[in-house]
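These values consider heavy atoms only, across backbone and side chains, with no hydrogens, waters or symmetry-generated copies. Every chain is numbered from 1, with letters handed out A, B, ... down the list of sequences. Just so it is clear, the structure is predicted and the values come from calculations on it, not from any experiment.
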Amino acid sequence: MNKALDRGDAAQTNNTDPRILHARTLKSPYTDRSDFNNLITLYSKSNLLSYSLRVFNQIPSPNIVSWTSLISAHTNSPLSLRFFLSMLCHPTFSFLPNQRTFASLFKTCASLSYSFTFGLSLHSMSLKLSFNDKPFCGSALVNFYSKFRLPDYAKKVFDEMHDKEEVCYSAMIVCLAQNSRCVDSLSVFADMRRRDVASTVHSVSGALRSAAELAAMEQCRIIHGHALVAGFDRNVVVGTALIDGYGKAGHVFDARRVFDENVSVLNVVAWNAMLSGYAQQGDKNSVLELFHLLETRGFSPDEYSFLAVLTAFSNAGLASESEKWIEKMRVRYGLEPGLEHYTCLIGAYGRAGRLEDAEKIAMEMPFEPDAAVWRALLSSSALHGASDMALRMAHRLLEVNPYDDSAYVIAANVLSASGRWDEVAAMRKMMKDRRVRKEGGRSWIEVKGEVHVFLGG
DNA sequence: TATCGCTACT
């Protein structure tokens, strides 16, 4: 930890109002620029952002550290990008951004949905200044590409980085996990261990998320063992990822053991992970029991808690129960049901064989049906041998998601069961025609080129 | 010479 943070933390723990320090700084004849720079950071850590800008404006001749302090004080806000542009456009001084400036800016771009091209041009600048292979910049850049769903670009940045330390690996592992590249994510985790780079709660929870998505029991166990050795097993996030992983792998007893061992530190997210583990097993009784316990312990159930309950009901085909809980969620808990809750409701009606009601809900609910809704209706109609409806739903599903091969598989099954071979063949042909050229995106080289053009380089 | 990056529940 560096000096500035030490000072900042000390001031916070002593409950010193930064404004007192500010007044002293202004009065003292010994004040230099670094005192102002520290104040900017101190104010932002105390959630007094407007004062950060005020201090900055009081600095007689701000330097790059002042600018970077101001920019990072406004991380995740568009103001941070504006300040950066002001700095570049400054008429009298020429400030060259450094690695820390870029690290903050990449973080901001990652958090703003509209700042993709801004991030690309920053990447180009950092390439020219040779910052993108530095650990701090590189990890922030990996995260940036991760948030914009470009894991291959992130991997390219990662591969070109020098001195990859634990945060770089964490960022990459988490990126691949968040983008459903589970096997790659686990292999980077393995690579990290081979190279003796320390793991962190971030990399461990990222790897666990991948193992969970793969429902890979063996990997969960291995990472669990590692978490125990590394002393991360009491961490809430790691614990939650373990509960989720064991649950998804179908080992609810292992999930429950982790849950019980850590219950004193767990929050509602962890409870939800346990609930959804039971729900995926179709263990409705355990879900309801745990839901009740959650309330007894003083937690408030949220949308995810209700989703777990409704998932269980959907798997069990409990239509009227689902209806009741949706109502309860809205009226007694003040939570508005989302698309996923309606999808469960539709699934429950469908599984119960009330296909028309299920379709009616899909048409009348306050959301546009998505692929999951059509898939629920498709599997329900297939389950009950309603081949006409199944065919219709398969078409709707393919309209929203032309690449969904499950549409073909499920519809083909029910159609062949009724001997409708011609329609199976037609379906197959339609799938082929729909399979338009997959646009895998432009190559890395192309994007790099574009970035240089963008900056006139 | 102060400023920086990565986690869990559909």
[X]: partners by side chain to side chain donor-acceptor pair (under 3.5 Å), with sequence neighbours left out:
X: A/Ser180; result: A/Glu213
X: A/Asp163; result: none
X: A/Tyr51; result: A/Arg19

State whether the distance check finds a donor on one side and an acceptor on the other, under 3.5 Å, for side chain A/Asn267 versus base B/dA8. yes
Do A/Ser205 and B/dA8 share a donor-acceptor pair, side chain to base, under 3.5 Å?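 When only heavy-atom distances are counted, A/Ser205 does not reach the base of B/dA8 through any donor-acceptor pair under 3.5 Å.
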Residue pair A/Ser380 / A/Gly347: nearest heavy atoms and the distance that separates them: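 Heavy atoms only, the tightest pair is OG-O, 4.3 Å.
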DNA chain B-proximal residues of residues 246-263 of chain A, any heavy atom under 4.0 Å: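 Those residues are A/Lys248.
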Near DNA chain B, which residues from residues 300-315 of chain A have a heavy atom under 4.0 Å away? A/Tyr304, A/Leu307
Salt-bridge present (A/Lys324, A/Glu321; N to O < 4.0 Å):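 Salt bridge flag = yes for A/Glu321 with A/Lys324.
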Note: A/Asp357-A/Lys360 ion pair, threshold 4.0 Å (strictly below): no
Sequence neighbours left out, what passes side-chain contact (heavy atoms from CB on, under 4.5 Å) with A/Ala312? Give chain and number order. A/Ala279, A/Lys284, A/Val287
Please identify which of these residues, A/Val238, A/Ile243, A/Asp244, A/Val237, meets the side chain to side chain contact (heavy atoms under 4.5 Å, CB included) condition with A/Leu208. A/Val238
